[in-house]
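Residues take their numbers from the sequence shown, with the count starting at 1.
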Amino acid sequence: MTTNALLDFTDLPRFDLFQPEQVTPAIAQLLDDARQVVQRLEAPDAPARWEDFVVPLEAVTERLGRAWGVVGHLNAVVDTPELRAAYNENLPKVTEFWTELGQNLKLFEKYKALQTDAGYATLPTARKKIIDNAVRDFRLGGAELPDNKKARFAELQEQQAALATRFSENVLDATNAYELIVDDEARLAGLPDDAKQAAYASAEREGKTGWRFTLHFPSYFPILQYADDRALRETIYRANATKASELGANPAWDNTQNIVEILKLRDEEAKLLGYANFAEVSLVPKMASSPEQVIRFLDDLAQRARRFAENDLAELRAFAKSELGLAQLEAWDITYASEKLREQRYAFSEQEVKMYFPEHKVIDGLFRLIQNMFAVEIRPDSGPVWHTDVKFFRIEKQGKLVGQFYLDLYARNGKRGGAWMDDARGRKNLAGDVQTPIAYLTCNFTEPAVVDGVKRPAYFTHDEVITLFHEFGHGLHHMLTAVDELGVSGISGVEWDAVELPSQFMENFCWEWDVLQHMTAQADTGAALPRALYDKMIAAKNFQSGLQMLRQVEFSLFDMHLHFDYDPNGSKSVADVLAEVRHRVAVVVPPAFNRFQNSFSHIFAGGYAAGYYSYKWAEVLSADAYGAFEEAQGDPNRLAATGLAFHREILSIGGSRTALESFTAFRGREPSIDALLRHSGMVQANG
């Protein structure tokens, strides 16, 4: 009899045995197992004790979570019609179970009994946190609602899950379906050779002649950045800015109505739970205390950044007019003109820098940094993978396995855009039997080019290197945990607006001379990054940082206002909200046809609803945390001690205490915004 790959929990996920037809029977069995355990635990005579109640409930729900996690992961990285059908068939069943569980009043009463029991005070901190989180989450899950409202709440969860999936699928389908074939090489003037080679190889793979460009970031972005042909830039800009909208290629992929429906359902959910709006619901498990506090924080950042952004734009317009002959700077000119200005001002191009970052050197340099900073060893490992490009590694500390991770770096059809870390398995310790954590690290970089039958190394832009370090920071948070309780180990239980702390913290090291020396080798000469070029990169580090900060603030305010003071049942449209936010904070306003919101997957399909501000909120924490390393520069012993302290007080602690407590334990004080402003070059005018 064939083993169902999703039911093998002995060790690593069995990607080698997985078939889409296994999803439905496996999920059916795991749901049945889970419901039987729940039925036993909710019985009046079942004791509300940790070992007899929490442990069996966690064990059976973890198996379901791990199996469904594999299905969701594969659906994101190797989407096929068969897998998509299986995923969509089972999503409502899984959603229904988790909603039922979150509304189970009998289980809720047992968690409350654990919380009020005399023995609660003597429990380890991690177990107390799990119990407290469970009580909070039962309330957010509608456990205290009357039965008729529980049924409606369950419908809302199922409908939201289905809409989020449809939103994501529309973005993926619109991205995969688009191609731009250029048959005249003269139109590609300005494009780097590697971008042209990739486009030529892409056309060849599709049996077409010429150069093929898609809406995958590594394919379209070089056109916006380097193509001298303005009409070509406009064509690809329009295609990308209108994907998954009514202006896109296929009306079936238009997300406009999905956005409206999602917002209506979230608003109804909030009202059912007794909150004024969904933003209040979203913030209950976060560090920020209220939507008003978040908006004040963002408005303050916008005010601080505005004069820098206005200067950035004035400079760019003047340069585009005098040097490039662009009297009117259009949206599709901004990236191109910015790159030309950067090249003129700092005498280097991003392409020149890219030729110093071959994949193998970047990976080696990243691993070397991690190993030195946290006293661990990273080694290649073997295990089943879902694609030939995927690599697998293990992390050891003092010879013992502490975690493993998959690295899936390249963009391809059937793979969701962007970059992310997800957990395949969390850490737990049951009676001395330690289950080590496993992470998925996923990016969408340009794959190695094949020229004349020879495969060349993949080269990364410095931005891509930063992205890799960012995702690896999430991975370290998950894998270097020392917490024994699954519910708060790694990234589990960490406040959403603090979860970006380790990832953004890691980005800082991409700018350190000592780190870059060990992760660069020029394509033709093999030489490490020269000091002169590094100095130019540092000088250019905050190039247009005002514009960049305002852009993030704009997205964050749009998200927060949509979920706070926007009425999805009123006459104002989502586009109106975006326009109002832009009027208030933006200095660059995209053209009227831009439908950015229709592919804003973070908030409509990715868990960041009323939480996109987290990136800037956590950046305050991460910049301040990195400040401790800056203060230790030049003292190897102090640097080593700082790395171990960061590991001990932040990475290893996971969600077993609040993020503010962890930060304060590491830094010796509460966070300050000063380091973020300094790192962004926004000190002088505000000093």
Undergrad: Would you say Lys106 has more than 12 foreign heavy atoms packed within less than 6.0 Å of its NZ?
TA: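 No, the 6.0 Å shell around NZ holds no more than 12 heavy atoms from other groups.
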
Undergrad: Can you tell if the side chain of Leu31 reaches within under 4.5 Å of the side chain of Leu64, non-hydrogen atoms only?
TA: yes

Undergrad: What do the steps show when you test Asp624 against Arg669 for salt bridge (Lys or Arg N to Asp or Glu O under 4.0 Å), and what is the final call?
TA: CA-CA 10 Å; Asp624 199 354; Arg669 56 166 173 74; 2.7 Å; yes

Undergrad: Taking atom types as modelled and ignoring hydrogens, do the side chains of Asp32 and Gln36 form a donor-acceptor contact shorter than 3.5 angstrom?
TA: yes

Undergrad: Say whether Ser282 and Lys286, considering side chains only, have a donor N or O and an acceptor N or O under 3.5 Å apart.
TA: yes

Undergrad: Less than 6.0 angstrom separating the ring centers of His679 and Tyr626, yes or no?
TA: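 Close enough - the centres of the two rings lie under 6.0 Å apart.
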
Undergrad: Do Arg657 and Ser662 touch side chain to side chain, with heavy atoms closer than 4.5 Å?
TA: yes

Undergrad: For Phe357, which residues count as a ring pair (Phe, Tyr, Trp, His ring centres under 6.0 Å) partner, sequence neighbours excluded?
TA: His462

Undergrad: For Thr658, does its backbone N or O pair with a side-chain atom of Lys129 as donor and acceptor, under 3.5 Å?
TA: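 Looks like no, no N/O pair under 3.5 Å.
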
Undergrad: Okay, side chain of Thr99, backbone of Thr95: is any donor-acceptor separation there less than 3.5 Å?
TA: yes

Undergrad: Considering only NZ, NE, NH1 and NH2 on the basic side and carboxylate oxygens on the acidic side, decide whether Arg379 and Glu396 come within less than 4.0 Å.
TA: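 Here Arg379 pairs with Glu396 in a salt bridge, since their nearest N and O are under 4.0 Å apart.
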
Undergrad: Verify the distance criterion only: is there a donor paired with an acceptor across the side chains of Arg425 and Thr436 at less than 3.5 Å?
TA: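 Distance-only check passes for Arg425 and Thr436.
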
Undergrad: Do Lys391 and Glu359 meet the salt-bridge criterion of a basic N to acidic O distance under 4.0 Å?
TA: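 Lys391 and Glu359: salt-bridged.
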
Undergrad: Between the side chains of His216 and Tyr410, does any donor sit under 3.5 Å from an acceptor?
TA: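 On atom types as modelled, these side chains do not qualify, holding no pair under 3.5 Å.
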
Undergrad: Check this for me: does any side-chain nitrogen of one of Glu58 and Arg63 sit under 4.0 Å from a carboxylate oxygen of the other?
TA: no

Undergrad: Would Leu123 and Leu114 count as a side-chain contact (heavy atoms from CB on, under 4.5 Å) if you check the C-alpha gap in whole Å, the side-chain angles of each, and the deciding distance to 0.1 Å?
TA: CA-CA 10 Å; Leu123 286 175; Leu114 276 169; 5.6 Å; no

Undergrad: State yes or no: are the ring centers of Phe15 and Tyr406 separated by less than 6.0 Å?
TA: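 Yes; Tyr406 has its ring centre under 6.0 Å from that of Phe15.
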
Undergrad: Do Tyr111 and Phe138 have their ring centres less than 6.0 Å from each other?
TA: yes

Undergrad: Should the pair Phe374 and His647 be assigned to parallel (<30°), tilted (30 to 60°) or perpendicular (>60°) ring geometry?
TA: perpendicular

Undergrad: For the backbone of Arg648 and the side chain of Ser652, can you confirm whether one donor and one acceptor N or O come within less than 3.5 Å of each other?
TA: yes

Undergrad: Without swapping roles, check the side chain of Gln22 against the backbone of Leu17 for a donor-acceptor pair under 3.5 Å.
TA: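 Yes; at least one donor-acceptor contact below 3.5 Å.
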
Undergrad: Between Lys428 (side chain) and Asp433 (backbone), is there a donor-acceptor pair under 3.5 Å?
TA: no

Undergrad: Between Asn429 (side chain only) and Gly432 (backbone N and O only), is there a donor and an acceptor less than 3.5 Å apart?
TA: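 Between the backbone of Gly432 and the side chain of Asn429 there is a qualifying donor-acceptor contact (under 3.5 Å).
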
Undergrad: Kindly indicate, with the supporting measurements, whether the criterion side-chain contact (heavy atoms from CB on, under 4.5 Å) is fulfilled by Val294 and Leu283.
TA: CA-CA 10 Å; Val294 172; Leu283 292 180; 4.3 Å; yes

Undergrad: State yes or no: are the ring centers of Phe445 and Phe217 separated by less than 6.0 Å?
TA: no

Undergrad: Taking the six-membered ring for Trp, are the ring centroids of His474 and His478 within less than 6.0 Å of each other?
TA: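 No: the rings miss the under 6.0 Å criterion.
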
Undergrad: Just checking, any donor-acceptor pair under 3.5 angstrom between side chains of Glu82 and Gln19?
TA: no

Undergrad: Hey, could you give me each pair passing salt bridge (Lys or Arg N to Asp or Glu O under 4.0 Å) that has a residue in residues 494-510? Not counting sequence neighbours.
TA: none

Undergrad: Are the aromatic ring centres of Phe604 and Tyr608 under 6.0 angstrom apart?
TA: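 For Phe604 and Tyr608, the ring centres are not under 6.0 Å apart.
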
Undergrad: In terms of ring plane angle, is the pair Trp68 and Tyr87 parallel, tilted or perpendicular, where the classes change at 30° and 60°?
TA: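 Plane angle under 30°, so parallel.
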
Undergrad: In plain terms, say whether Lys397 and Glu377 are close enough for a salt bridge, that is, a side-chain N and a carboxylate O under 4.0 Å apart.
TA: no

Undergrad: Would you say the side chains of Thr481 and Arg427 form a donor-acceptor pair under 3.5 Å?
TA: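 Short answer, no.
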
Undergrad: Are His73 and Trp386 close enough that their ring centers fall under 6.0 Å?
TA: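 When the ring centroids of His73 and Trp386 are compared, they turn out to be within the sub-6.0 Å range.
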
Undergrad: Apply side-chain contact (heavy atoms from CB on, under 4.5 Å) to the pair Leu409 and Val390, showing each step before the final yes or no.
TA: CA-CA 7 Å; Leu409 292 177; Val390 178; over 6 Å; no

Undergrad: Between the side chains of Gln552 and Glu619, does any donor sit under 3.5 Å from an acceptor?
TA: no

Undergrad: Do Thr664 and Glu661 have side-chain atoms, one donor and one acceptor, less than 3.5 Å apart?
TA: no

Undergrad: With ring centroids as reference points, do Phe666 and Phe646 lie under 6.0 angstrom apart?
TA: yes

Undergrad: More than 12 foreign heavy atoms under 6.0 Å from CD of Gln39: is that the case here?
TA: no

Undergrad: Using atom types as modelled and distance alone, determine if a side-chain donor or acceptor of Ser168 lies under 3.5 Å from a backbone N or O of Thr165.
TA: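 No: the side chain of Ser168 does not pair with the backbone of Thr165.
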
Undergrad: Hey, is Asp364 close enough to Lys361 for a salt bridge, meaning N to O under 4.0 Å?
TA: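 No, no charged N to carboxylate O under 4.0 Å.
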
Undergrad: Will you find, in the side chains of Asp422 and Thr442, an N or O donor that is under 3.5 Å from an N or O acceptor?
TA: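 No pair is found: no donor N or O on one side chain lies under 3.5 Å from an acceptor on the other.
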
Undergrad: Is a side-chain N or O of His387 found less than 3.5 angstrom from the main chain of Asp389, in a donor-acceptor match?
TA: yes

Undergrad: Keeping the roles fixed (side chain from Asp559, backbone from Gly611), state whether a donor-acceptor pair exists under 3.5 Å.
TA: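 Checked: pair present.
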
Undergrad: Before giving the answer on side-chain contact (heavy atoms from CB on, under 4.5 Å), spell out for Asn88 and Arg166 the whole-Å C-alpha distance, their side-chain angles and the decisive distance to 0.1 Å.
TA: CA-CA 9 Å; Asn88 285 329; Arg166 198 175 312 144; over 6 Å; no

Undergrad: Strictly by modelled atom types, are Asp463 and Thr461 linked by a side-chain donor-acceptor pair under 3.5 Å?
TA: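 Distance-only check fails for Asp463 and Thr461.
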
Undergrad: Begin with the C-alpha distance, continue with both residues' side-chain angles, and end with the deciding distance and a verdict on salt bridge (Lys or Arg N to Asp or Glu O under 4.0 Å) for Glu100 and Arg35.
TA: CA-CA 10 Å; Glu100 277 174 16; Arg35 286 194 168 102; 3.1 Å; yes

Undergrad: Determine whether the aromatic ring centres of residues Tyr613 and Phe555 are separated by less than 6.0 angstrom.
TA: no

Undergrad: Closer than 3.5 angstrom, by distance alone: can the side chain of Glu447 be matched with the main-chain N or O of Arg412 as a donor-acceptor pair?
TA: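 It does not hold such a pair.
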
Undergrad: Would you say that Tyr612 contacts Trp617 through its side chain, given a criterion of any heavy-atom pair below 4.5 Å between the two side chains?
TA: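 They are not in contact (no side-chain heavy atoms under 4.5 Å apart), so the answer is no.
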
Undergrad: Do the non-hydrogen side-chain atoms of Ser601 and Phe167 ever get within less than 4.5 Å of each other?
TA: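 Sidechains of Phe167 and Ser601: in contact.
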
Undergrad: Checking salt bridge (Lys or Arg N to Asp or Glu O under 4.0 Å) for the pair Lys415/Asp408: CA distance, chi angles, key distance, verdict?
TA: CA-CA 10 Å; Lys415 183 177 177 183; Asp408 185 357; 3.1 Å; yes

Undergrad: Would Asn508 and Glu630 count as having a side-chain donor-acceptor pair, cut-off 3.5 Å?
TA: no

Undergrad: Decide whether Glu62 and Gln435 meet the rule of one side-chain donor and one side-chain acceptor closer than 3.5 Å.
TA: yes

